[in-house]
S.K.: 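Have a look at the structure that comes next, please.
Labels below follow one simple rule: chain letters A, B, ... track the order of the sequence lines, proteins then strands, and each chain is numbered from 1. We use all heavy atoms of the structure for the numbers below, so side chains are in, but hydrogens, waters and symmetry mates are not. Worth saying up front: this structure is predicted, and the values here are computed from it rather than measured.
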Amino acid sequence: MVAEDIDFTLEQGELAAIVGINGIGKSTLLRTLGKIQPKLAGGIEYSDRHLESFRSLELASEISMVLTEPVASKNLTIWELVALGRQPYTNWIGALSEKDRKSITASLQRLELEEMKHKKCYELSDGQLQRVLIARALAQDTSVILLDEPTTHLDLYHKVQILKVLKSIAHQTKKAILFTSHEIEMAIQLCDKMLVLDGGDNPFGQPCELIEQRAFEKLFPSDTVSFNPMTGSFRIEK
Amino acid sequence: MLLALVLCLGINISSGSVSIPFEDTFNAFFGGTVQKDSWQYILWNYRLPKALTAVVVGGGLALSGLLMQTLFRNPLAGPFVLGISSGASLGAALLIMGSSLFSGIFAFGLVNDVSLAIAASAGSFFVLLSVMVVASKVKDTMALLIIGLMFGSITAAFVSVLAYFTDAEKLQQYIYWSYGSVGNLSWRQLGLLSGIVLIGIVLSVLSIKVLNAFLLGENYAKSLGVNLKKSRYAIIIATGLLAGGITALAGPIAFIGMAVPHLTRQIFNTTNHTVLVPAVVIYGAILMLLCDTFAQLPTSAYVLPINAVTSIIGGPVVIWLLVRKRKMVF
């Protein structure tokens, strides 16, 4: 079962999460939004323009992505990797201007990576690597950032840390940030909006509205996991 | 590094089966007098083209290796992996051994250097085109890599079938070609080879930015605005020109293409292609010159097959470097 009839609008300065069970099409939706894979049906618009009408380089200065696939070369240093985010703006050989360097440094500072900027990717923990990838997306200086499961493989503290950073970026830089996640409880607490892919009417809205609509209750079989609307958390049924 | 290259060039030229003093070598090129006329001839018409061929071949092969490793995100990639060298071997084998087999069709056993070069180029481009046709259908580079290997096996099988039915003399001629050599090129052939390699280098330089984006992976490159199809073709064509042209004229030379990019990355400790592309070309040239100097067995009359030398010297070096570093990152 793959979700159909998905309809939502994201504003600048909002952090939003796509949640849903495995295989419902969260990542597919996100990758389609980022034009990494062709869309199956429907229409996608960015600032009132159809996604298809963007040339690839134009799109690269509108949307940046953090994907689940590992970075191909683990031999890159943090600085080199973040610098690659400036590619849409550099000349034919990729020389960095003063503005590019400033943007890279600002992104590194934002994610507290400046002191270790010369470390190689293979030396980093999963949490650090995720921050590097977010810094790269930030350096790309786009109005939209799409992240595919940015909190997977991280411990509770680092999950919260990543989501809090994303939230502050969204609010302070007025970017629209959309990510897929299995951390429904955390998303309820931290996100401005949520899209719940349940294979039905796929509700979208503020977490508290969604709780009132009882959107989370039918997500999982209620004899295994039940949702408590008072605490906004799930409970395992024994 | 350029200094090291010039030094190696000097050493290479001044050593050979006929021992010529270094001063005379210097004089021969810079307008001085040389003790014997024959030395002048050896230097100008044998050793200089040979040394320059080594430079072009080494630099070109190393660059093609770098392009493939980045494109396929695989540290094991090299000119042999896409089947380009095997394609060239097939072309050469068909010409050398096929001419005796199908003597009715090829009425004359017209096997000379030029026809050999054409046959080998045709063979490598045949394989390259096949790989490119497949590449347009297959999106996964890992699959492309395996397909390249399969093409290599198929052509190798054809070659061994041909070898089975051919006579000893032709077989020997083919094996001699497959040893690889940088010493058999005339000035005209060297010019042709340099032209091909130059086109390959220009294409690579134009692809530097894209190559850096590929370090993140293809989907990330796409999200950075890279036109995947176009840039993949540019890189594959550059690789084909470099590896195909060189294999056609100098024989299949092992190891350089795969190993030099690794050695260069160890020295420069960077993955940035703005540095790597020129560094790999120069480093490949230096290594090829050293291997060729060694192959001459200075002061003796024997010349070893260059292919054996590149493997004997190079293989252990790479193993040592990797064991020391404990990982093969690219």
S.K.: Please flag which part of A:Arg55 lies under 4.5 Å from any non-hydrogen atom of chain B: side chain, backbone, both or neither.
M.R.: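 Neither; nothing under 4.5 Å.
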S.K.: Counting only non-hydrogen atoms closer than 4.5 Å, does A:Lys120 touch chain B with its backbone (N, CA, C, O), its side chain (CB onward), both, or neither?
M.R.: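 The side chain, not the backbone.
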S.K.: Side chain, backbone, both or neither: which part of A:Leu146 has a non-hydrogen atom closer than 4.5 Å to chain B?
M.R.: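 A:Leu146 has no heavy atom closer than 4.5 Å to chain B.
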S.K.: Could you check if a side-chain atom of A:Met65 sits within less than 4.5 angstrom of a side-chain atom of B:Asn219, using non-hydrogen atoms only?
M.R.: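 Not in contact.
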S.K.: Kindly give the heavy-atom pair with the smallest separation between A:Ala60 and B:Gly225, and that separation in Å.
M.R.: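 Minimum heavy-atom separation between A:Ala60 and B:Gly225: CB-N, 3.5 Å.
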S.K.: Please examine the side chains of A:Ile63 and B:Ser223, heavy atoms only from C-beta on, and report whether any two atoms are closer than 4.5 Å.
M.R.: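 No; the side chains remain at least 4.5 Å from each other.
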S.K.: Using non-hydrogen atoms and a 4.5 Å limit, figure out which bit of A:Gln140 sits close to chain B: side chain, backbone, both or neither.
M.R.: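 A:Gln140 touches chain B through side-chain heavy atoms alone.
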S.K.: Would you say A:Tyr46 has more than 12 foreign heavy atoms packed within less than 6.0 Å of its OH?
M.R.: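 Counting other residues, nucleotides and ligands, OH of A:Tyr46 exceeds 12 neighbours.
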S.K.: Rounded to the nearest 0.5 Å, what's the gap from CD on A:Glu80 to OG1 on B:Thr271? Could you check?
M.R.: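 If we round to the nearest 0.5 Å, A:Glu80:CD and B:Thr271:OG1 are 4.0 Å apart.
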S.K.: Return the OG1 to CG distance between A:Thr90 and B:Asn212, rounded to the nearest 0.5 Å.
M.R.: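 The distance works out to 9.5 Å.
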S.K.: Atom OH in B:Tyr220, atom CD in A:Gln87: separation rounded to 0.5 Å?
M.R.: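 Those atoms lie 14.0 Å apart.
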S.K.: Measure B:Ile208 against the heavy atoms of chain A and call it side chain, backbone, both or neither at under 4.5 Å.
M.R.: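 For B:Ile208, the contact with chain A is made by the side chain alone.
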S.K.: Just how far is it from atom CG of A:Asn75 to atom CD of B:Gln266, taken to the nearest 0.5 Å?
M.R.: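 Between A:Asn75 CG and B:Gln266 CD, I get 8.5 Å after rounding to 0.5 Å.
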S.K.: Is it true that, when you exclude A:Glu112 itself, more than 12 heavy atoms of the residues, nucleotides or ligands shown sit nearer than 6.0 Å to its CD?
M.R.: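 12 or below, so no.
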S.K.: Take atom NE2 of A:His153 as the centre, draw a 6.0 Å sphere, and report whether it contains more than 12 heavy atoms from other residues, nucleotides or ligands.
M.R.: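 At most 12 heavy atoms, drawn from other residues, nucleotides or ligands, come within 6.0 Å of this atom.
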S.K.: With a 4.5 Å limit on heavy-atom distance, are the side chains of B:Lys209 and A:Asn91 in contact?
M.R.: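 When only atoms from C-beta onward are counted, A:Asn91 and B:Lys209 do not touch, as no gap falls below 4.5 Å.
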S.K.: If I take atom CZ from residue B:Arg265 and atom OG from residue A:Ser73, how far apart are they, to the nearest 0.5 angstrom?
M.R.: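 That separation rounds to 7.5 Å.
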S.K.: Go through the atoms of A:Arg31 and report whether side chain, backbone, both or neither lie under 4.5 Å from a heavy atom of chain B.
M.R.: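 Just the side chain, heavy atoms under 4.5 Å.
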S.K.: Which distance, rounded to the nearest 0.5 Å, do you find between the NZ of B:Lys222 and the CG of A:Leu67?
M.R.: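 Between B:Lys222 NZ and A:Leu67 CG, I get 11.0 Å after rounding to 0.5 Å.
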S.K.: Would you mind reporting whether B:Leu224 and A:Pro88 have side-chain heavy atoms less than 4.5 Å apart?
M.R.: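 Result yes, sub-4.5 Å side-chain heavy-atom pair found.
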S.K.: Are the side chains of B:Leu215 and A:Leu81 in touch, meaning some heavy atoms are under 4.5 Å apart?
M.R.: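 B:Leu215 vs A:Leu81: side chains apart.
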